[in-house]
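Given the structure is predicted, the values throughout are model-derived calculations rather than measurements.
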Amino acid sequence: GRLTDGQGRTVDFKNTVVVMTSNLGSDLIQTLARDADYNSMRDAVMEVVGRHFRPEFINRIDEVVVFHPLGDSQIRGIADIQLANLRKRLADRDLKIELDSDVMARLIEVGYDPVFGARPLKRAIQRMIENPLAQDILAGNFLPGETIHGRLENGQIAFTK
């Protein structure tokens with residue numbers, strides 16, 4: 001197929017897979033994932049999708065996949081990936097960071113929402129770790145070659161050498 005945008009440019013979609021995501025029915029997934037089988041959950045979600053989109057649009061979609069809610073291990077894995085990016089940026093400045101397990105638990109608690117999944121996790125890492133850490137680095141509190149330790153104090157993350 002082809003796609004023509006608003007400026008008349010045509011893009012070839014001959015060997016393309018288009019992936020679309022939605023949170024439609026996410027409340028049902030949270031409720032039904034515990035009690036219903038996958039097919040019942042999928043049918044309930046597709047009913048919501050059918051109320052939201054016109055049948056002409058839905059019929060043009062080859063496959064619909066309804067995902068199960070994320071579990072703790074998946075959320076932790078996503079957090080590990082996000083923190084690996086931070087570790088790489090710190091390594092470029094010859095800094096290392098070590099976080100206590102309760103810091104990770106707090107990040108997951110703040111960064112996971114049953115409706116939005118792990119999308120808020122990146123913002124939580126930025127707000128709770130990256131922004132305060134950047135201020136500390138700019139203030140000269142951490143110098144190249146040092147290891148930064150993050151621990152939880154009164155619900156907040158504190159950084160020390």
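Between Ile125 atom CD1 and Asn131 atom CG the span is 12.0 Å, to the nearest 0.5 Å. To the nearest 0.5 angstrom, Arg42 atom CZ is 11.0 Å from Ile29 atom CD1. In this structure, Met41 CE and Leu28 CG are separated by 10.0 Å, a value rounded to the nearest 0.5 Å. Note: Thr21 OG1 to Arg119 CZ = 5.0 Å, rounded to the nearest 0.5 Å. One distance of note links CZ of Arg93 with CZ of Phe142; it measures 13.0 Å at 0.5 Å rounding. Taking CG from Leu90 and CG from Leu95, the interatomic distance works out to 5.5 Å, rounded to the nearest 0.5 Å.
By the criterion of side-chain heavy atoms lying less than 4.5 angstrom apart, applied directly or through intervening Ile, Leu, Val, Met, Phe, Trp or Tyr residues, Val66 is grouped together with Ile58 in one hydrophobic cluster. Taken together through direct or relayed side-chain contacts under 4.5 Å among Ile, Leu, Val, Met, Phe, Trp and Tyr, Val18 and Phe53 form part of one hydrophobic cluster. Leu3 and Phe57 fall within a single hydrophobic cluster, where Ile, Leu, Val, Met, Phe, Trp and Tyr side chains are chained together by heavy-atom contacts under 4.5 Å. Hydrophobic clustering, with ILVMFWY side chains joined whenever heavy atoms are under 4.5 angstrom apart, keeps Leu143 apart from Ile148. Ile97 and Leu138 fall into different hydrophobic clusters, where Ile, Leu, Val, Met, Phe, Trp and Tyr side chains are chained together by heavy-atom contacts under 4.5 Å.
Within the 3.5 Å criterion, the main-chain N or O of Gln82 finds no donor-acceptor partner in the side chain of Arg87. A donor-acceptor pair under 3.5 Å is formed between the side chain of Asp94 and the backbone N or O of Gly145. No side-chain donor-acceptor contact under 3.5 Å links Asn154 to the backbone of Gln156.
Between the side chains of Asn59 and Arg54, not a single donor N or O lies within less than 3.5 Å of an accepting N or O. Between the side chains of Ser40 and Asp37, at least one donor N or O lies within less than 3.5 Å of an accepting N or O.
Few gaps surround CG on Asp5; more than 12 heavy atoms of other groups in view lie less than 6.0 Å from it. Atom CG of Asp72 is surrounded by 12 or fewer heavy atoms from other residues, nucleotides or ligands within 6.0 Å.
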With side chain to side chain contact (heavy atoms under 4.5 Å, CB included) as the criterion, how do Glu130 and Arg89 come out once you've worked through the C-alpha distance, each side chain's angles and the decisive distance to 0.1 Å?
CA-CA 11 Å; Glu130 291 179 359; Arg89 292 194 316 270; 2.7 Å; yes
Could you walk me through whether Thr147 and Glu98 pass side chain to side chain contact (heavy atoms under 4.5 Å, CB included), step by step?
CA-CA 7 Å; Thr147 299; Glu98 294 176 358; 3.9 Å; yes
Between Asp27 and Val48, does a side chain to side chain contact (heavy atoms under 4.5 Å, CB included) hold up when you go through it step by step?
CA-CA 11 Å; Asp27 55 336; Val48 173; 5.8 Å; no
Report the C-alpha separation of Asp80 and Met104 in whole Å, then their side-chain angles, then the decisive distance to 0.1 Å, and conclude whether the side chain to side chain contact (heavy atoms under 4.5 Å, CB included) test is met.
CA-CA 9 Å; Asp80 286 337; Met104 184 68 92; 2.9 Å; yes
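Minimum heavy-atom separation, Ile157 to Phe159: CG2-CZ, 3.6 Å. Heavy atoms only, all atoms of each residue included: Lys161 and Asn141 are closest at CE-O, 2.8 Å. Counting all heavy atoms, side chain and backbone alike, Val110 lies closest to Arg127 at CG1-NH2, 3.3 Å. Shortest non-hydrogen contact noted between Gly111 and Ala124 is CA-CB, 3.9 Å. Nearest heavy-atom pair, Leu121 versus Ile75, reported as atom, atom and distance to 0.1 Å: CD2-O, 4.0 Å. For the pair Arg106 and Gly155, the tightest heavy-atom approach, listed with the atom from each and the gap, is NE-O, 3.4 Å.
For the pairing with Ile78, the side-chain contact (heavy atoms from CB on, under 4.5 Å) check across Ile108, Leu83, Leu70 returns one residue only, Leu70.
Looking at residues two or more places apart in sequence or on another chain, you find a side chain to side chain donor-acceptor pair (under 3.5 Å) between Gln7 and Arg9.
Taking a cutoff of 4.0 Å between a charged side-chain nitrogen and a carboxylate oxygen, Glu146 and Lys96 do not qualify as a salt bridge. Salt-bridge check for Glu47 with Arg51: passed, with a basic side-chain N closer than 4.0 Å to an acidic carboxylate O.
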